[in-house]
Participant: 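Structure provided below as structure tokens; questions to follow.
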Amino acid sequence: MMKWLRRVMTVFVLSIAVLAGWFFFRRDHAEPLPVAMRTVDAAMLKDPVLIARGEYLAKAGDCSVCHTEQGGQPYAGGRSVATPFGDIPAPNITPDNDTGLGNWSFEDFWRVLHSGIGRDGALLYPAFSYTAFTKVHPDDALAIFAYLRSLPPIHQTSKPPNLRFPYGIRNTLIAWRLLYFHEGQYRPDTRQSAQWNRGAYLVQGLGHCNECHDTRNALGALSGRQSLSGGEIPAQNWYAPDLGSRQNGGLAGWSGKDIVDLLKTGQSAKGVALGPMAEVVTKSTQYLADDDLQAIAVYLQSLPERPMAVAPKEAFNSKALADQGEKIYAQQCASCHGQDGNGVDGIYPPLNGNVSVTEPVGMNATRVVLLGGFSPGTVANPRAYSMPPFAQQLSDADVAAVVSYVRQAWSNHAPVVQERDISKYRTTPVD
Amino acid sequence: MNLCAKLKESPNAISRWLSIAVILGLPAMCPAFAVDAAASAAVPIPDTLQQRIAACTACHGVHGEGSADSHFFPRLAGKPVNYLARQLQYFQRGQRRYAPMQYMVQSLSPAYMRVIAEYFSIQRVPYQQSLVPTLSAAVLQRGEQIVTQGNPATKLPACQSCHGRQLTGMEPNIPGLVGLPYDYLSSQLGSWRTGTRSSAAPDCMAQIANRLSPDDITAVSAWLASQRPPADTRAQLAGSVTPPLACGVLAVKGSGA
């Protein structure tokens with residue numbers, strides 16, 4: 001009886017949410033564009049200064065990373081964003097008249113970026129980071145639009161999304177948006193410095209850092225608080241760590257310089273960028289001006305203290321595992337990362353105190369051991385050093401042992417990983 | 001059976017490996033790594049390319065000799081530099097697919113890939129004889145015939161007509177076919193047929209692979225893999241062969257066929 005009632009109530013509440021959502025998110029209810037911006041003419045969009053600024057901002061927003069297919073023409077679309085609900089291809093955003101933004105007005109573009117509503121009024125999937133881009137200032141949006149319009153038009157029809165039922169129906173997003181989308185430009189915090197505000201604007205807006213660095217719920221939604229407190233990236237098997245640098249934060253012990261170094265060069269005294277973060281660095285942050293990177297560091301360093309992580313009880317005695325791991329470490333890893341886990345400055349990252357080693361799940365270290373790889377190739381580090389893959393050489397048990405060891409050696413105190421956790425990372429696709 | 005993890009990493013490789021394992025009836029064997037583990041970090045890390053590319057040499061060997069015990073990690077030593085640099089770009093663009101290779105080269109710049117290609121192209125190391133499945137003399141003869149004469153019935157030109165009389169390739173774009181393991185040869189010809197490997201259009205090797213039947217692929221690969229490489233394995237001089245089909249990577253017209 002109670003169960004039955006609850007079910008009816010749920011359906012009722014959901015219907016109200018859907019109706020309310022429909023009311024608020026009809027096209028005409030999107031936050032309007034400032035009056036002065038409604039009359040953008042073609043001549044304005046040709047201003048080379050505006051275009052150059054737009055190019056810089058598009059880098060800051062990493063727009064090309066999703067909107068370019070592997071090996072494809074820049075911005076011509078095609079790369080799919082994998083989500084637990086299915087694949088959503090990013091469309092062609094070159095100025096082609098038939099298949100791109102050729103006939104778009106600035107208002108059309110603004111509605112996409114700011115409100116997540118397509119030109120035809122369709123609700124867009126939040127795989128496109130508009131929950132962050134909504135914070136972008138109209139002047140910056142205009143510059144990006146001018147830049148996109150200056151690109152060579154490429155005729156390439158965008159692919160439709162491939163989603164599991166019922167996610168393929170765009171109107172399922174109505175309720176989602178009502179719950180999780182907070183439309184609105186960035187509002188400066190007057191108690192903070194201009195530099196802090198610039199950092200917050202870049203991190204929360206174009207940088208969309210929180211899109212990866214926060215935990216998503218079962219509906220693929222973020223907490224909405226821009227917490228940057230770390231989370232697993234669904235469907236990709238990488239963990240984007242907590243970016244707090246005060247007590248108990250993932251970046252505790254990082255200086256402002258370490259943060260700037262990582263974003264500029266892909267390396268820092270505290271660790272290197274890996275996987276999706278390597279791509280963020282190589283395609284986006286390495287191109288940011290030093291002022292902007294410093295502003296980002298200032299903002300990240302102001303994130304609040306984090307609660308102390310409660311160490312989970314080990315379900316079994318992990319000593320044998322760690323002993324086995326220590327042996328493997330001495331044989332296979334110490335020559336580069338050092339017996340003391342402190343690495344070699346500028347060449348091999350330290351594993352002692354490294355946030356990708358100690359993140360809660362243990363997936364980053366596991367994947368690096370399996371895959372190996374180069375530090376990101378950047379302008380500042382064009383001939384990076386590399387780590388061999390150990391997938392062929394180490395069994396699941398050995399990988400679990402060595403990863404557990406590095407998670408507990410030196411100053412590290414992270415939970416061990418177990419043999420049964422390893423095999424799924426062997427099969428994760430790399431893109 | 002020692003399970004090579006790369007099998008698990010790419011479903012593509014799995015199916016390829018399975019078919020190879022079936023053909024050979026052999027367990028897959030995995031390469032040993034050449035990382036000097038005894039060295040301590042106190043010893044300065046050499047500022048050399050060889051040190052930087054430790055990841056590549058773990059699979060392909062310090063001098064690009066390929067791995068003796070796994071028949072799938074190809075030799076890179078002595079291959080034409082343009083050819084090697086181009087393959088790295090193909091992996092980066094997803095035009096050639098093998099997940100661990102694609103991950104490796106993800107963020108390397110074209111200039112760095114060129115330097116790495118140069119390193120491997122100037123290595124001179126002896127060829128290793130690799131295992132060849134036991135096949136009848138008739139099959140091997142058919143392989144030899146295709147390599148040296150082609151097959152007029154399917155308009156298949158002789159492999160020699162591009163890869164050179166001694167099958168050592170031609171600078172700077174055509175790789176040699178000598179000394180390559182059976183597994184590697186057959187899987188490459190297979191990938192051209194299934195589209196997981198492609199080259200600049202017009203892709204002559206795709207046309208060729210499509211004119212070969214699966215039996216032809218076995219015959220050709222087995223014959224090639226069982227030949228002793230000639231004393232001089234350097235690629236022929238640039239321009240010394242006239243390809244019978246147009247190849248995008250050669251940027252010269254073929255003589256038609």
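FYI, side chains are in, hydrogens and waters are out, and symmetry mates aren't considered; it's all heavy atoms of this structure. Per chain, numbering begins at 1; letters A, B, ... match sequence-line order. Just so it is clear, the model here is predicted, and its values are computed rather than measured.
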Participant: Need one label for B/Q102: side chain, backbone, both or neither, based on atoms under 4.5 Å from any heavy atom in chain A.
Facilitator: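 Contact with chain A: side chain only.
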
Participant: Whether the side chain of A/R383 engages the backbone of B/R52 through a donor-acceptor N/O pair (distance < 3.5 Å, no angle test) should be reported.
Facilitator: no

Participant: Please determine whether the number of non-hydrogen atoms from other residues, nucleotides or ligands lying under 6.0 Å from atom CG of A/D345 exceeds 12.
Facilitator: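 Not buried by this count: 12 neighbours or fewer within 6.0 Å.
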
Participant: If you look at every heavy atom in A/G372 and B/M104, which pair is closest and at what distance?
Facilitator: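 Minimum heavy-atom contact is C-CE, 4.0 Å.
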
Participant: Taking all non-hydrogen atoms of both residues, which atom of A/F374 and which atom of B/C56 are closest, and how far apart?
Facilitator: CZ-SG, 4.0 Å

Participant: Search all heavy atoms of B/I45 against all heavy atoms of A/Y385 and return the closest pair with its distance.
Facilitator: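 Closest approach of B/I45 to A/Y385: CG2-CE2, 4.0 Å.
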
Participant: Heavy atoms only: give me the nearest B/A55-A/P389 pair and the separation to one decimal.
Facilitator: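 Heavy atoms of B/A55 and A/P389 come nearest at O-CD, 4.0 Å.
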
Participant: Residues two or more places apart in sequence or in another chain: which of them pass disulfide bond (SG atoms under 2.5 Å apart) with B/C204?
Facilitator: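 Only B/C247 meet the disulfide bond (SG atoms under 2.5 Å apart) criterion with B/C204.
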
Participant: Is there a donor-acceptor contact under 3.5 Å from the side chain of A/T282 to the main chain of B/S107?
Facilitator: no

Participant: Identify which part of A/S375 has an atom lying under 4.5 Å from any heavy atom of chain B, answering side chain, backbone, both or neither.
Facilitator: backbone

Participant: Please determine, among B/I116, B/L49, B/I53, B/V105, the option with the most heavy-atom pairs under 4.5 Å with chain A.
Facilitator: B/I53

Participant: Does a sphere of radius 6.0 Å around CZ in B/R124 hold more than 12 heavy atoms from other residues, nucleotides or ligands, not counting ones at 6.0 Å or beyond?
Facilitator: yes

Participant: Do you know which two heavy atoms are closest between B/A58 and A/P388, and how far apart they sit?
Facilitator: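 Reported closest heavy-atom pair: CB-CB, 3.6 Å.
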
Participant: Can you name the closest pair of heavy atoms from B/F73 and A/Q392 and give their distance?
Facilitator: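 The pair with the smallest heavy-atom distance is CZ-NE2, 3.5 Å.
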
Participant: Relative to chain A, which segment of B/Q89 carries a heavy atom at a distance below 4.5 Å: side chain, backbone, both, or neither?
Facilitator: neither

Participant: Heavy-atom distances under 4.5 Å only: say whether B/V115 touches chain A with side chain, backbone, both or neither.
Facilitator: side chain

